[in-house]
Structures are given as C-alpha cells and as structure tokens.
Amino acid sequence: MKILIAEDDPQVARLLQFKLEKEGFAVSWAEDGEKALEMVLGEDWDLLLLDVMMPVYDGFQVLRRLRDQKPTLPVIILSAKGQEKDILHGLELGANDYIAKPFRPAEVVARVKRLKGAG
Amino acid sequence: MNPDGLVSLQTVFVLCLVFSLLIVAFLLVVVFLRLTNLFQEKKYIRLEQDWDRRFLLYLDGDLELETMPRVEKSELLYWERYLYGYLKNIRGRERELIGELSRHTGLTAHLLHLLQRGTRWEKARSARFLGTLGEKRAIKYLRRNLQNRDYVVSLAAARGLAAIGDWDSFHEIIRVLLQSYYTYEAVSEILVDFGEQSCPLVHQLLKNNVLVSAYRQAPLFQTGHEARASQSQFDNALQLRIRRESELDIEKPEVLCLYIDFLAYFNYLPADRTIQKIMELSDIEEVTIRCLKALERIASPETATSLVLFLQHENWIVRSQSAKALGSVNPEAYLDELHHLLSDQNWWVRFRAGEALLKAGSQGLERLKQLTEQEGEPAEMAVYMLERLEKG
C-alpha cells in the first residue's frame with residue numbers, strides 16, 4: 001500500500017515515514033507543494049498525508065488541483081492550522097480527515113489504517 | 001591642513017587607507033561568520049544523521065532510555081535544536097518520552113543552567129524548549145527572566161510560562177508585556193499560548209471594565225436608591241481598578257480590543273453579554289466594530305436586540321458590520337430592518353444586509369425575490385444576491 005507524505009518539515013516527514021513503514025506501508029516524501037502535486041498526479045497512490053503550510057503550493061492548493069483528476073484518493077490533512085474554519089475549509093475541499101499539529105504519531109497511524117480499512 | 005587651508009595629500013591618503021582597512025575588516029568578519037555558520041550546519045546535519053535512527057527507535061519503544069548515550073556538552077545545543085524539531089510537532093506519550101530523554105542526556109539541566117547564566121539567545125532558546133516541554137523546574141527562572149529588560153529574554157520567558165501553563169504568572173505576564181515595547185499582537189500570541197483556559201480570566205478583565213464604564217455614565221441619570229447602588233458598584237470597580245486595571249491598561253481601547261478579539265477567537269459564549277454591554281457603553285467606534293465582529297463570531301441570539309440598534313449608526317462600517325453580525329445571529333427576526341437597510345447609501349451596507357437576508361431562510365429569500373420586481377438599488381442588490389445563490 002503506497003502512501004505519499006507532502007510535508008516541508010523533514011523531521012515530521014521522517015517520523016511519519018518511520019512509523020508508517022513499520023506498519024508495512026510503502027512511503028514516499030515530497031518536500032513542497034509543487035513536487036507533491038507532480039508525484040501524486042504522476043503515479044498511483046493509496047493515500048496522501050498532506051501538510052498545509054508548504055512552499056510553492058500550499059496544501060489547500062494541492063488538494064484543489066488534484067481533486068479534478070483524483071477525486072477518490074483518500075487525503076488526510078496534517079496541519080498546524082487547527083482552527084475550526086481551517087478544518088472546515090480542508091474538508092470542504094475534499095479532504096477525508098484532518099489532524100492538527102502537534103499530533104500523536106500513533107493517532108496518525110490509526111487514522112491512516114482506518115481510512116484504508118487496514119486496521 | 002596646509003597654509004592655504006586645503007587638506008594635504010598625505011591626510012587624504014591616510015583616510016583612504018583607514019577606510020579601506022575598515023571595509024576589509026568588515027568583509028573578513030562577514031566571511032568568518034558565514035564559514036562558522038556553514039561549519040555548524042554541516043556538523044548539525046552529521047549529528048542529526050547519527051541521532052535519527054536511534055531516536056526514532058527509542059520513540060517507538062524499541063530502545064530503552066538507559067541504552068541512549070549521553071550527549072557531549074559541546075553538542076548539547078545541537079541536541080536541543082534536534083529534539084525541538086520533534087517536540088514542537090508532537091504531543092502525548094511521545095512528548096513525555098522526549099522529556100525523559102532530555103533529562104537523561106543532561107539537556108534539561110544544561111538548559112536550566114543557561115536560563116540563569118546564558119546569553120540572551122541561550123536564555124531565549126532554553127525558555128522555548130523547556131516551556132514546550134512543560135518543565136516545571138524552569139518556572140522560577142522564567143519568572144525572573146520575565147522581568148529582564150532585554151525584550152528577547154522577557155518575551156521568551158513569557159511564552160515559556162504560557163506554554164507551561166503557569167496561571168499564577170498570568171496577570172504579571174500581561175502587565176509586563178503591555179508596559180514594555182511589545183505590540184498587541186505579541187500579547188495576543190501569549191494569550192493564545194495560554195490557550196482557551198485563559199478565557200475566564202480575560203472575561204473577568206472585561207467585566208471589570210464594564211463596571212467602571214457603567215458608573216461613569218450612570219450617575220447622570222440616577223437618583224436615590226439607584227445612585228447608592230451605583231456608588232456601591234463604583235467602590236467595587238474602584239478596588240478592582242487599583243488592583244488590576246491601572247496596571248493592565250484595560251481602559252486603553254487597544255487593550256480592550258485585544259481582549260475582545262481574543263475571546264472571539266475562542267468563540268467564548270459566556271462573554272456575549274459583557275461584549276454586548278461594552279458595545280453599548282463605548283463611544284469609540286473601533287471598540288464598537290470589534291464588539292460587532294466578536295458577536296458575529298460568537299453568534300449568541302441573546303445579543304440580537306443590541307445589534308439592531310447599530311443598523312442606523314452614522315458610520316457605514318458600523319452599519320455594515322452590524323448587518324453582518326445580525327446575519328450570523330438571528331436574521332429571521334429582523335427582516336424589516338434588514339430590508340430597510342437595502343436602501344442604504346453605502347454599497348457595502350446593502351451587500352451585508354442582502355447577505356443577512358439570504359441567511360434568513362425562506363422568508364429572507366422571499367423578500368429578495370419580491371424586490372427584484374421593483375427598481376433601484378435595493379432591487380439591484382436583491383438580483384445580485386439571488387445570482388450569487390444560484391452560482392453557489
């Protein structure tokens with residue numbers, strides 16, 4: 001099962017990659033919005049973990065652009081923007097779940113599993 | 001100077017030489033700093049690679065704390081930078097594990113020391129890390145640093161205390177920040193660091209302000225029993241002011257607005273009537289506008305009767321904001337007032353009134369549809385609103 005992490009903070013990306021790979025997922029990392037969009041549209045993925053505040057394109061822009069071509073790809077937003085309006089905005093754009101930073105790593109893994117029915 | 005009063009060639013030469021040497025020295029300092037920075041960055045990347053695998057295994061419970069090596073003293077600030085990258089982004093059990101690791105490797109003790117004896121930046125970094133970690137032993141040093149004249153140290157200490165949640169320092173932090181060089185944005189950041197739990201304290205400050213303002217206006221109209229009650233109210237208010245407001249600048253409109261914005265940020269419903277009261281008592285338009293924005297956000301139906309009063313205000317910003325707030329609170333009950341506002345001379349006021357009518361359900365929609373059969377500005381706005389509705 002392939003997961004793409006779009007996250008500009010390498011430490012957060014490494015932590016998530018480590019946790020998810022331990023659970024048996026194949027994980028790749030994109031460090032900005034442009035690269036994330038390129039990767040997500042260029043290959044088949046089972047899930048996208050998407051940060052909001054990223055260089056080039058932010059997470060909301062990435063989500064808006066990818067939804068036309070990949071309407072069913074499960075997306076979890078992982079963001080420091082944890083206000084109600086941000087969460088609603090993310091969900092309105094088509095995200096399947098929203099996790100606010102700081103986060104519990106185990107919770108991210110659990111939500112990924114739940115979304116993919118692998119738990 | 002020579003006898004003719006001109007600067008000699010020799011003097012010019014010396015001046016040029018000194019100037020050139022200063023430029024060279026400056027460039028050397030820049031190059032040195034740049035090289036030092038590059039060296040430090042390279043060292044950090046190497047250390048990060050060394051630490052990462054072991055740290056992630058530890059965080060996942062695969063390595064025991066006892067197996068984790070202590071960190072060289074010369075590398076502790078790199079270690080702080082590394083751990084902080086994780087610390088700021090995660091919470092729960094993993095954050096506790098980082099705390100245990102920090103203590104085990106000697107980082108916590110080192111940062112506590114720096115909090116007392118470090119340079120300004122070391123104190124600031126220590127405050128940031130220990131605050132995020134929630135290290136209670138740092139509180140007494142942070143309180144001391146809060147009084148530091150250096151704003152970098154003082155602000156970092158304030159944020160550290162807020163992150164730890166040191167409620168005993170709450171009023172002192174606000175007092176220090178408001179009386180120093182900080183912007184109100186910095187103060188609001190600290191309040192947000194304290195989090196939603198500080199809403200009751202901020203609300204109390206606003207309530208005290210209402211007492212003082214109410215007294216100032218009341219004696220003009222009151223006699224007998226009412227006046228005595230008012231006097232008693234004033235005594236309470238005065239005591240509160242001496243204890244708090246005089247130090248906390250609550251009567252400054254900017255500070256008042258800051259507190260109102262803060263309560264609105266957290267949608268703090270218990271403050272709805274207090275904000276409403278401030279709005280009614282204040283004669284400062286900026287305060288009125290902030291109150292209207294806050295009430296729009298808090299959306300308490302109890303405040304609708306006051307919002308309507310501001311639909312006829314002389315300032316168009318107040319009129320438009322009150323229409324917008326009414327749209328969030330209870331537009332169904334004020335269809336006539338909103339309808340009337342569609343004839344306002346200002347486009348934004350008509351626009352907000354139209355939006356509020358759209359939010360008023362089928363009755364509001366019916367009003368807008370009826371208007372489209374007429375002519376003039378209300379009809380134009382009604383058409384515009386219905387078009388917007390169609391476009392979604």
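Naming convention: chains lettered A, B, ... in sequence-line order (proteins, then strands); numbering from 1 in each chain.
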Over all atoms of both residues, closest heavy-atom pair of [X] and [Y]:
| X | Y | answer |
| --- | --- | --- |
| A:D9 | B:K88 | OD2-CE, 4.1 Å |
| B:L56 | A:F18 | O-CE2, 3.4 Å |
| A:Q11 | B:Y82 | NE2-O, 2.8 Å |

Just wondering, more than 12 heavy atoms not from [X] lying within 6.0 Å of its [atom1]?
| X | atom1 | value |
| --- | --- | --- |
| B:E64 | CD | no |
| A:K70 | NZ | yes |
| B:E72 | CD | no |
| B:N37 | CG | yes |

If you check every heavy atom in residues 191-200 of chain B against those of chain A, which residues fall under 4.5 Å?
-> none

Side chain, backbone, both or neither of B:L87 within contact of chain A (heavy atoms, under 4.5 Å) = neither

Okay, B:R53 and chain A: the region with an atom under 4.5 Å from a heavy atom over there is side chain

Verify, without hydrogens or angle tests, whether B:E94 (side chain) and A:P105 (backbone) share a donor-acceptor contact under 3.5 angstrom.
-> no

Return yes if some donor-acceptor pair links the side-chain N/O of A:R104 with the main-chain N/O of B:G92 below 3.5 Å, else return no.
-> no

B:Y86 and A:R14: CA distance, side-chain angles, deciding distance, side-chain contact (heavy atoms from CB on, under 4.5 Å) verdict | CA-CA 10 Å; B:Y86 287 107; A:R14 285 203 301 271; 3.8 Å; yes

